[in-house]
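Indexing begins at 1, ligand by ligand and atom by atom, following the structure's order.
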Amino acid sequence: MKLPVAILLATLCLHVGDSYRIFVVFPMPGRSHTILGDGVVRHLAAAGHDITYVTPSPKKNVPKNVRQIDVSDNFNHFPTEELNLKRHIEGDTALDISSILGYMLTIHNVTFHNPNVREILVDPNEQFDLVIVEWMFSELYSGFGAILGAPFIWVSTVEPHWMVLQLIDEASSPAFTADIMGSGLPPFSFKERVSQLFTQILIRGIKFFDNSEDKIYSSLAPYFKARGRQQPPLQEIAFNASLMFGNSHVSLGQAMTLPENYKGIGGYHIDSKLPPIPEDLQKVLDNAKHGVIYFSMGSNLKSKDLPDELKKSLLKMFSEIKYTVIWKFEEVLPGVPDNVHIIQWAPQPSILAHPKCVLFITHGGLLSTTETIHYGKPIIGIPVFADQFINVERAVAKGFAKRVDLSMTMADQLKSAINEILQDPKYTTTVKELSFIYHDRPTTPGAELVHWTEHVIKTKGAPHLRSAALAVPFYQKLYLDLLALTVAVLLVIRAVVHRIFKKSSKKEKTQ
Ligand SMILES: *[C@@H]1O[C@H](CO)[C@@H](O)[C@H](O)[C@H]1NC(C)=O
Ligand SMILES: *[C@@H]1O[C@H](CO)[C@@H](O)[C@H](O)[C@H]1NC(C)=O
């Protein structure tokens with residue numbers, strides 16, 4: 001008798017704090033995507049909600065209220081070759097937009113049909129109050145909301161751009177907002193402005209003519225059936241999100257008009273607790289006389305793919321500078337100079353937070369760029385793929401970065417960039433100012449995430465936040481109907497005038 005009572009009480013207690021069941025989907029097989037998904041789950045679980053988390057990288061120790069759905073199979077469907085640094089140095093980086101879209105669709109397809117995911121989707125006992133899904137170049141994941149019969153929230157992992165904004169409001173203008181895949185920042189030159197427009201048209205064209213998205217969506221029919229739901233058209237649910245979380249903040253990007261249901265919560269992935277620093281690394285940091293340069297190309301791109309020649313020239317260059325260098329590198333290197341410390345694993349936030357750290361050499365991924373502003377450290381960006389180019393370009397334009405291109409001869413450029421940044425205080429001053437703007441918010445990004453998530457659930461999908469623009473077709477926005485009407489009226493007037501004129505001239509003739 002006692003045990004059931006205890007269970008009953010425990011259940012009641014949970015419900016007092018309004019514990020919701022939330023389905024979180026971050027299935028991209030890549031470290032940075034996992035970090036963003038983990039961040040969402042960490043905040044929501046800490047707020048007491050029951051989380052079901054679709055992830056390619058399940059963790060060992062998760063709180064009791066987090067259930068992980070393993071989609072690690074997704075790693076078998078992603079072209080890791082594309083991430084190979086060596087290929088980029090050799091200039092073989094041809095990943096065009098069309099193949100990127102193709103890879104993304106494959107991940108969507110295999111995620112939906114993963115047996116672990118299927119098990120939940122077909123079970124009508126699995127009920128959820130909300131779905132949170134990562135947007136990755138397709139609207140297919142809106143299907144999770146429709147299948148589970150719950151409102152859903154998109155998470156956009158980069159600065160707001162036209163492809164995601166059109167889902168909750170309208171596409172931002174290519175005349176003054178940058179596409180994530182391109183380069184160039186507003187104000188655009190004529191050529192750049194045309195190229196931005198062209199990118200929008202090209203991507204719309206590819207999506208319009210490629211029917212694999214529809215095919216995958218049709219293959220979801222059994223899920224709808226299992227739950228006794230009609231399958232709505234993809235076009236209807238794709239634009240039906242309640243909210244969009246953006247991994248963005250004005251300190252990192254550019255000020256722009258955003259709809260009410262876009263919430264920029266850039267930086268939410270950064271845990272307020274710094275990971276511990278191993279003792280020997282702590283000593284290196286504490287004892288660095290001239291400051292520490294932290295060098296890491298992230299977790300996807302392995303520095304061991306660098307050609308030997310390049311490794312040697314980098315080590316030689318580092319030996320010629322007075323600063324201490326901490327290089328995150330996956331292999332043991334011969335002939336490492338005294339001021340260089342190779343570490344296989346790096347507690348990156350803790351290194352960046354250390355007062356002795358003066359510079360970060362990075363690929364310019366958005367998470368790393370966010371962390372540099374969070375901790376106020378200038379960077380040298382060596383962009384390799386995807387949004388890294390535009391991130392580095394933004395950082396340079398904001399004045400806290402220099403860009404160096406990946407090449408066999410980059411050591412010299414890297415050296416002069418290091419010297420310039422560390423000898424001219426303006427880079428550090430600028431990044432400290434941005435760091436102030438970044439931190440000066442009414443509340444932390446994590447608290448905002450929890451607040452808006454609960455708001456959507458409490459208001460049953462937050463229809464009051466939706467933009468009226470979604471209901472207006474393209475031709476009405478451009479007043480093409482008015483234009484057509486005006487032209488028609490003018491034509492009629494012309495015809496009437498013409499006829500009257502003809503008649504009167506005929507009369508004149510006959511007189
Ligand atoms: C759109 O979202 C609302 C609120 O979440 C929901 O009630 C409605 O059923 C959704 N429409 C479709 C077609 O899924
Ligand atoms: C989706 O995956 C299934 C296997 O699960 C495969 O048969 C199908 O061709 C895939 N569809 C697309 C469009 O890639």
Side-chain angles (χ1 to χ4, degrees), residues 20-25 27-29 54 56 70-79 98-119 121-122 127-133 135-155 167-169 206-225 227-245 259-263 452-471:
Y20 298 117
R21 299 200 64 198
I22 304 174
F23 191 76
V24 180
V25 187
M28 272 294 290
V54 177
D70 186 335
V71 292
S72 51
D73 173 55
N74 287 7
F75 280 105
N76 301 326
H77 302 272
F78 203 67
S98 158
S99 47
I100 291 180
L101 295 180
Y103 287 129
M104 296 302 163
L105 280 184
T106 303
I107 295 295
H108 285 71
N109 192 20
V110 295
T111 300
F112 271 116
H113 294 294
N114 186 297
N116 301 333
V117 175
R118 182 184 306 147
E119 202 177 314
L121 295 184
V122 297
Q127 294 289 333
F128 297 92
D129 299 302
L130 180 76
V131 171
I132 300 181
V133 289
W135 182 90
M136 263 325 223
F137 295 91
S138 163
E139 284 73 69
L140 278 168
Y141 290 150
S142 59
F144 280 112
I147 293 167
L148 298 172
F152 75 98
I153 295 179
W154 290 120
V155 180
L167 299 176
I168 51 168
D169 185 41
I206 293 174
K207 283 197 143 200
F208 184 78
F209 288 109
D210 180 13
N211 65 351
S212 37
E213 201 165 34
D214 296 323
K215 272 199 201 140
I216 298 172
Y217 187 63
S218 312
S219 75
L220 307 183
Y223 297 145
F224 286 93
K225 214 167 164 201
R227 288 183 176 253
R229 289 201 167 86
Q230 285 283 342
Q231 182 169 14
L234 181 57
Q235 277 301 308
E236 222 167 275
I237 58 171
F239 297 90
N240 198 32
S242 298
L243 198 81
M244 179 174 285
F245 284 129
E260 285 285 349
N261 59 353
Y262 180 93
K263 304 292 174 194
W452 288 112
T453 302
E454 293 175 352
H455 181 82
V456 167
I457 300 173
K458 287 175 188 164
T459 61
K460 300 195 169 44
H464 55 282
L465 292 180
R466 297 203 188 180
S467 164
L470 281 173

What distance separates His455 NE2 from Thr453 OG1, expressed to the nearest 0.5 Å? 11.0 Å

Suppose we screen for ring-ring contact (aromatic ring centres under 6.0 Å, His included). Which residues come up paired with Phe239, at least two apart in sequence or across chains? none

Can an N or O of Ser242 be found at a distance shorter than 3.5 Å from an N or O of ligand 1? no

Look at the aromatic rings of Phe112 and Tyr141 and report parallel, tilted or perpendicular, splitting at 30° and 60°. tilted

Looking at ligand 1, does Gln231 have a heavy atom less than 4.0 Å from it? no

On the 0 to 90° scale, with breaks at 30° and 60°, tag the Trp135-Phe137 ring pair as parallel, tilted or perpendicular. tilted

Kindly write out the residues that satisfy salt bridge (Lys or Arg N to Asp or Glu O under 4.0 Å) with Arg466, not counting sequence neighbours, or none if the list is empty. none

List for me each residue that meets salt bridge (Lys or Arg N to Asp or Glu O under 4.0 Å) alongside Lys215, sequence neighbours excluded, and say none if there are none. none

Could you tell me, atom by atom, which parts of ligand 1 come under 4.0 Å of a heavy atom of Glu236? 13 (C)

First locate atom CE of Met28, then atom CD1 of Ile107, and finally report the distance between them rounded to the nearest 0.5 Å. 6.0 Å

Heavy atoms under 4.0 Å from ligand 2: which residues qualify? Asn109, Ser212, Ile216

Nearest heavy-atom contact between Glu213 and Leu140 is O-CD2, 3.6 Å

Taking 4.0 Å as the limit for heavy-atom contacts, which would you say applies to Pro151 with ligand 1: side chain only, backbone only, both, or neither? both

